[in-house]
Amino acid sequence: MPINIAIDGPSGAGKSTLAKRLAEKMKILYLDTGAMYRGIAYYVLEKGVDPADADGVKPLLPGIEMTISYDGKSGVQQIVINGENVTPYIREHRISFAASTVSKIPEVRLKLVELQRKIASERDCVLDGRDIGSYVLPDAGYKIYLDAKPEVRAERRFKELSEKGQLNGMSYEEVLADVNKRDYQDMHRDFAPLVVAEGAVVIDTSEMTAEQVVERIEEIVDCK
Ligand code: DC
């Protein structure tokens, strides 16, 4: 059975940094499941459909063929939809909330969960997301729930957006409000919401550096 490491938690808790480093260290695959929801959100917006309009989104799903590949040089995950690499567009701020909104639609989730389970059944991997330990892979070998105070997570997001030149005049307070709004939506949807999975180790990263988080995880996951 492949080793599956599930890392869940709210936005800005440090999931992707940790998942990337862990995957590199263990020489296994890193599957960023949030990028998959972002890909759908981007596609839906490009079609001029409101991500909140389930009746508008559902008919688009059969026409979406998503493939995941890894850039030969950098190893960075690429999301390809119907042959188009949408990866360069999915990190924009507008896509974050759209991804959270479109991810409320059960049919969207089921489509992506099927692909996530297939990949996880075929190879060792670290997956990060919101429902990996609770819904996608409830039998994952390791389950980690990363958390941090909203103010700290918003600070990280603010820094990230400002470094990428994507703040577009947003203040820290606006970023904090967005972080809170998205987390509320992810935690309160009906189908597979963000919860602490049964058996997950909860780590609050508010006062920790990325290195300290990796060290803490290495104590839990046997990856030396
Ligand atoms: O991890 P992220 O910020 O890239 O995820 C974007 C959105 O996608 C997130 O707000 C909710 C949704 N998502 C989800 O519902 N389930 C996952 N496993 C991963 C992401």
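Please read all numbers here as calculations on a predicted model, not as lab measurements. Counting starts at 1 for both ligands and their atoms, following the listed order. Note that the numbering runs from 1 along the sequence shown for the chain.
For atom 19 (C) of ligand 1, the closest non-hydrogen atom of the protein is T33 OG1, 3.4 Å. Among protein heavy atoms, atom 3 (O) of ligand 1 sits closest to R182 NH1, 2.9 Å. The protein heavy-atom contact nearest to atom 16 (N) of ligand 1 is R109 NH2, 3.0 Å. The protein heavy atom nearest to atom 1 (O) of ligand 1 is R130 NH1, 2.9 Å.
Applying the salt bridge (Lys or Arg N to Asp or Glu O under 4.0 Å) criterion to D131, with sequence neighbours excluded, gives R109.
Residue S103 approaches ligand 1 through these ligand atoms, each under 4.0 Å from one of its heavy atoms: 11 (C), 12 (C), 15 (O). Each of the following atoms of ligand 1 lies closer than 4.0 Å to a heavy atom of G129: 17 (C), 18 (N), 19 (C).
Heavy-atom contacts from other residues, nucleotides or ligands closer than 6.0 Å to OH of Y70 number more than 12. With a 6.0 Å radius and a threshold of 12 heavy atoms from other residues, nucleotides or ligands, K47 has its NZ atom at or below the threshold. Summarising the local packing, OH of Y172 is surrounded by more than 12 heavy atoms from other residues, nucleotides or ligands at distances under 6.0 Å.
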Exercise answer: donor-acceptor pairs, residues 174-182 side-chain atoms, under 3.5 Å, sequence neighbours excluded:
from: E174; atom 1: OE1; to: S171; atom 2: N; distance (Å): 2.7
from: E174; atom 1: OE1; to: S171; atom 2: OG; distance (Å): 3.3
from: D178; atom 1: OD2; to: H93; atom 2: NE2; distance (Å): 2.7
from: N180; atom 1: ND2; to: L176; atom 2: O; distance (Å): 3.4

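Checked by distance only, ligand 1 and K15 stay at 3.5 Å or farther apart across all their nitrogen or oxygen atoms. Annotation: R38 places an N or O atom under 3.5 Å from an N or O atom of ligand 1; distance criterion only. The shortest N or O to N or O distance between S96 and ligand 1 is not under 3.5 Å. In terms of polar-atom proximity, Y37 is not counted as a contact of ligand 1, lacking any N or O under 3.5 Å from an N or O of the ligand.
Of the heavy atoms in Q116, none comes closer than 4.0 Å to ligand 1. Contacts between S11 and ligand 1 below 4.0 angstrom, taking non-hydrogen atoms only, are absent altogether.
Not one N or O on the side chain of K149 forms a donor-acceptor pair closer than 3.5 Å with the backbone of S206.
Ligand 1 does not have Q185 within reach: every non-hydrogen atom of the residue lies 4.0 Å or more from it.
In this structure, R123 forms no cation-pi arrangement with Y30, as its terminal cationic atom is not both closer than 6.0 Å to the ring centre and no more than 45° off the ring axis.
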**Study point:** Derivation of the side chain to side chain contact (heavy atoms under 4.5 Å, CB included) call for R130 and R189
**Key:** CA-CA 11 Å; R130 303 291 188 287; R189 65 178 172 236; 3.9 Å; yes
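By the criterion of side-chain heavy atoms lying less than 4.5 angstrom apart, applied directly or through intervening Ile, Leu, Val, Met, Phe, Trp or Tyr residues, I90 is grouped together with I68 in one hydrophobic cluster.
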